[in-house]
Number of protein chains: 2
Amino acid sequence: MATIYDVARRAEVSPATVSRVANGHANVDPALAERVRDAMRELAYRPNAVARNLRRSRTTLWAVIISDISNPFYTSLVRGVEDGAQRSGYSVVLCNTDEDPAKEGQYVDAALAEQMAGVIISPAGKAQHVNRLADARVPVVVIDRQQGGAHVDTVLVDNEQGAYLATTHLIESGYRRIACVTGPAGVFTATRRLRGYRRALEEHGRPCEEELVRHGDFREEGGYRAMAALLGLRLRPDALFATNNLMTVGAVECLVDSRIPVPDEMGVVGFDDLPWAHLVRPSLTTVAQPTYELGREAAALLTQRIAEPERPPMTLTLETKLQIRDSSLRPRP
Amino acid sequence: MATIYDVARRAEVSPATVSRVANGHANVDPALAERVRDAMRELAYRPNAVARNLRRSRTTLWAVIISDISNPFYTSLVRGVEDGAQRSGYSVVLCNTDEDPAKEGQYVDAALAEQMAGVIISPAGKAQHVNRLADARVPVVVIDRQQGGAHVDTVLVDNEQGAYLATTHLIESGYRRIACVTGPAGVFTATRRLRGYRRALEEHGRPCEEELVRHGDFREEGGYRAMAALLGLRLRPDALFATNNLMTVGAVECLVDSRIPVPDEMGVVGFDDLPWAHLVRPSLTTVAQPTYELGREAAALLTQRIAEPERPPMTLTLETKLQIRDSSLRPRP
DNA sequence: GTGAAAGCGCTAACAG
DNA sequence: CTGTTAGCGCTTTCAC
């Protein structure tokens with residue numbers, strides 16, 4: 001690879017001038033600039049970004065730390081981040097943690113070592129990892145899950161409100177015993193969505209029955225198992241609110257296997273849309289999250305934070321939207 | 001951030017010794033090593049990877065250049081790449097080209113500038129971009145689409161064979177007029193899958209009717225439009241082979257909108273599985289590709305190529321698997 | 001407007 | 001086994 005010195009020699013100028021031309025800085029005599037550009041072309045010169053990064057002590061990479069890119073929620077979110085990053089001249093390094101705090105820690109270390117320009121993280125572990133970044137003054141945006149004890153920019157959806165709408169919709173459709181499968185205890189989104197479910201029941205004068213509340217793992221299997229357990233109850237539920245997309249899929253699979261007709265004998269609403277929720281028969285009612293926008297907003301926030309490190313942190317809460325389809329429409333007798 | 005000199009001073013050794021301890025190179029007196037480790041801990045020292053990369057003139061980043069991470073085919077593939085990368089100590093930079101050769105070119109430039117350790121690319125453009133990488137001696141693995149004129153490691157699936165199996169299955173299910181919606185003319189996978197379709201028809205004594213062959217854009221909309229056009233024919237087809245996942249979705253949507261029962265009046269087989277193909281009613285018959293393995297194999301190949309740059313390039317072809325579900329099961333009269 | 005020169009933080013010869 | 005030293009390739013003062 002040709003270096004800046006090779007170009008300088010060929011154009012008969014100093015490396016400093018080449019640098020100025022390459023970066024469009026300062027004024028350079030047009031004739032010289034032309035010579036430099038010729039030399040660059042002839043040598044197929046590409047500035048070495050690693051050297052530049054070292055010298056400037058900053059990079060153009062963001063780390064995006066999420067649990068699993070295979071989950072369509074994150075797929076779309078990451079796409080939003082990447083588009084936003086590209087607009088601001090950054091690239092995105094993808095980090096899947098599989099909800100493993102140790103892996104998360106490694107990626108945080110890597111982000112620190114690589115002098116990443118910023119980090120967007122949906123935290124799996126405690127606030128300590130986010131704090132490590134913040135302490136090192138690395139710009140951070142927390143996404144999807146709020147982190148107590150960390151004072152950083154955050155982008156969320158209104159989980160409680162979404163769950164409230166979903167549950168209310170089931171009540172108003174005439175379902176009587178509405179179950180909820182939420183995520184692991186202690187996970188922010190699981191807690192908030194459960195809270196929305198409870199609030200909806202209470203406000204409609206239906207005390208929440210604890211045997212109808214289950215904790216799953218936010219994966220297909222957890223949804224399947226929870227649904228199976230609910231079907232084993234003496235007093236079966238007649239509707240389910242599942243608090244994420246994969247558990248909704250698992251629950252529906254269980255219902256198909258058990259030959260329980262949806263929505264007639266079991267109404268179903270999921271949190272978070274599925275890419276082909278409308279193709280599934282019956283099509284699935286879901287609380288749609290603005291996943292792409294979540295990513296875009298996080299990217300915008302990170303760009304701002306980088307430009308203005310001292311700005312006080314803010315939290316952005318985006319609205320969800322209840323997407324009513326067939327799985328929650330109880331036929332009136 | 002503490003530098004290696006800060007640690008050296010605190011541990012009263014030379015920076016070289018700190019470097020040796022940090023990298024586990026050479027033998028260092030245990031007592032010294034202990035002092036160094038203490039100092040590193042006390043100063044919360046993290047080696048600056050940018051400086052290291054410059055000095056070693058190599059990095060631990062791979063660029064993964066694909067058209068769109070939102071397409072579940074790439075989602076899973078990227079996940080495979082990332083897992084493979086992590087095992088070998090690399091991280092993955094995600095690059096979405098949206099099939100735009102210009103964007104692809106920019107990402108290739110970036111990969112060059114950032115001195116990426118390697119590139120995995122599903123090429124949208126001509127071979128020139130791949131050749132730029134190869135010329136700069138950057139290890140490259142081409143994935144999913146073979147590139148004529150580029151002499152590089154390649155990981156493919158047997159597209160023709162998959163299409164052949166899909167079409168044969170439709171023929172054997174009793175469908176008579178089998179249409180094909182393939183991708184853009186000139187795209188490798190589109191061409192190969194079309195060829196498999198044609199071969200299956202010919203081998204079963206059914207000359208391929210050209211009006212039943214359509215070119216789409218590999219997106220939902222293209223599938224919808226192609227299906228709509230096929231439905232407008234005087235002699236309608238009674239089955240469809242769609243050559244990618246999104247076009248299959250689009251075609252099914254069109255069939256739903258047109259109230260054409262599947263599989264009774266229209267058999268459907270798609271190429272490339274959908275995450276919830278089994279939940280769609282009727283469940284979709286598809287040619288499943290080993291997407292995750294594709295990514296894993298590409299990662300393995302890239303790791304080998306990095307270790308052994310002079311090894312002659314090889315092409316790996318993975319098998320597809322026909323996943324027979326309900327959408328292609330014609331009820332016998 | 002241009003060039004000389006000093007590093008960014010680290011590693012790897014090379015001496016000792 | 002340890003320290004000294006010379007860069008990796010670039011940018012950015014600081015003189016001129």
Side-chain angles (χ1 to χ4, degrees), chain A residues 1-37 39-40 43-61 109-117 136-138, chain B residues 1-37 39-40 43-61 109-117 136-138:
Chain A
M1 285 293 274
T3 76
I4 204 168
Y5 284 90
D6 301 325
V7 176
R9 209 171 305 125
R10 182 163 196 125
E12 298 179 300
V13 297
S14 73
T17 300
V18 178
S19 173
R20 288 192 265 257
V21 172
N23 295 289
H25 287 330
N27 287 348
V28 177
D29 184 287
L32 276 199
E34 198 46 42
R35 247 161 59 206
V36 169
R37 269 188 285 272
M40 295 202 295
L43 296 173
Y45 169 68
R46 314 214 157 269
N48 179 328
V50 179
R52 165 185 294 164
N53 292 340
L54 176 60
R55 178 58 231 236
R56 299 218 258 228
S57 53
R58 60 197 153 87
T59 66
T60 57
L61 286 178
D109 286 342
L112 251 19
E114 298 280 354
Q115 316 270 98
M116 298 279 185
R137 324 225 67 218
V138 175
Chain B
M1 285 294 275
T3 75
I4 205 168
Y5 284 90
D6 301 325
V7 176
R9 209 171 306 123
R10 181 162 194 124
E12 298 180 299
V13 297
S14 74
T17 300
V18 177
S19 172
R20 287 191 267 254
V21 172
N23 295 289
H25 286 329
N27 286 348
V28 177
D29 183 287
L32 277 198
E34 198 45 42
R35 247 160 60 205
V36 170
R37 269 189 285 271
M40 294 202 294
L43 296 172
Y45 169 69
R46 312 213 158 268
N48 180 328
V50 179
R52 166 185 293 164
N53 292 341
L54 175 59
R55 177 59 231 236
R56 299 217 258 228
S57 53
R58 60 197 154 88
T59 66
T60 56
L61 286 178
D109 286 342
L112 251 19
E114 298 279 355
Q115 315 272 96
M116 297 279 184
R137 323 227 67 218
V138 175

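Just so we're on the same page: letters track the sequence lines, and every chain starts at 1.
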Is Thr3(B) touching bases, backbone alone, or none of the nucleic acid, heavy atoms closer than 4.0 Å? sugar-phosphate
Determine the contact category for Thr17(B): base if any of its heavy atoms lies under 4.0 Å from a base atom, sugar-phosphate if only primed atoms, P, OP1 or OP2 are that close, otherwise nothing. sugar-phosphate
Check whether any side-chain heavy atom of Glu114(B) sits under 4.5 Å from a side-chain heavy atom of Thr59(A), and report yes or no. no
Separation of dG3(C) atom P from Asp29(A) atom CG, nearest Å, is 10 Å
Could you check whether any side-chain N or O of Arg46(B) sits under 3.5 Å from a backbone N or O of Asp109(A), counting only pairs where one atom can act as donor and the other as acceptor? no
Of Val50(B), Asn48(B), Asn53(B), the one forming a side-chain contact (heavy atoms from CB on, under 4.5 Å) with Asn53(A) is Val50(B)
Report yes if at least one side-chain N or O of Ser14(A) is closer than 4.0 Å to OP1 or OP2 of dA4(C); otherwise report no. no
Quick one, Leu61(A) and Leu61(B) - any side-chain contact, counting heavy atoms below 4.5 Å? yes
Separation of atom CG in Asn48(B) from atom C1' in dT11(C), rounded to whole Å: 13 Å
Whichever of Leu32(B) and Tyr45(A) has its nearest DNA chain D nucleotide further upstream toward 5': Leu32(B)
May I ask you to say what Val50(B) touches in the nucleic acid, namely base, sugar-phosphate or nothing, with a heavy-atom cut-off under 4.0 Å? nothing
For atom OH of Tyr5(A) and atom C1' of dG3(C), their distance in whole Å: 11 Å
Using side-chain heavy atoms (C-beta onward) and a distance below 4.5 Å, is Val18(A) in contact with Tyr5(A)? no
For a 4.0 angstrom threshold against heavy atoms of chain A, report the outermost contacting nucleotides of DNA chain D in 5' to 3' order. dG9(D) to dT12(D)
Can you check the Ile4(B) CD1 to dC8(C) P distance for me, whole Å? 14 Å
Closest heavy-atom pair, Ala33(B) versus Val21(B), reported as atoms and distance to 0.1 Å, is CA-CG2, 4.0 Å
Look up atom OG1 in Thr17(B) and atom NE2 in His25(B), then write down how far apart they are to the nearest 0.5 Å. 13.5 Å
Which value, rounded to the nearest 0.5 Å, describes the distance between Met40(A) atom CE and Ile4(A) atom CD1? 9.0 Å
Between Arg35(B) and Glu12(B) the two heavy atoms that sit nearest each other are NH2-O, 3.1 Å
Quick note, Leu54(A) side chain, CB onward, closest among dC10(C), dC8(C), dG3(C) is dC8(C)
Would you tabulate the pairs of protein nitrogen or oxygen atoms and nucleotide nitrogen or oxygen atoms of nucleotides 12-16 of chain C closer than 3.5 angstrom?
from: dA12(C); atom 1: O4'; to: Arg55(B); atom 2: NH2; distance (Å): 3.3

OP1, OP2 of dT11(C) versus side-chain N and O of Asn23(B): anything below 4.0 Å? yes
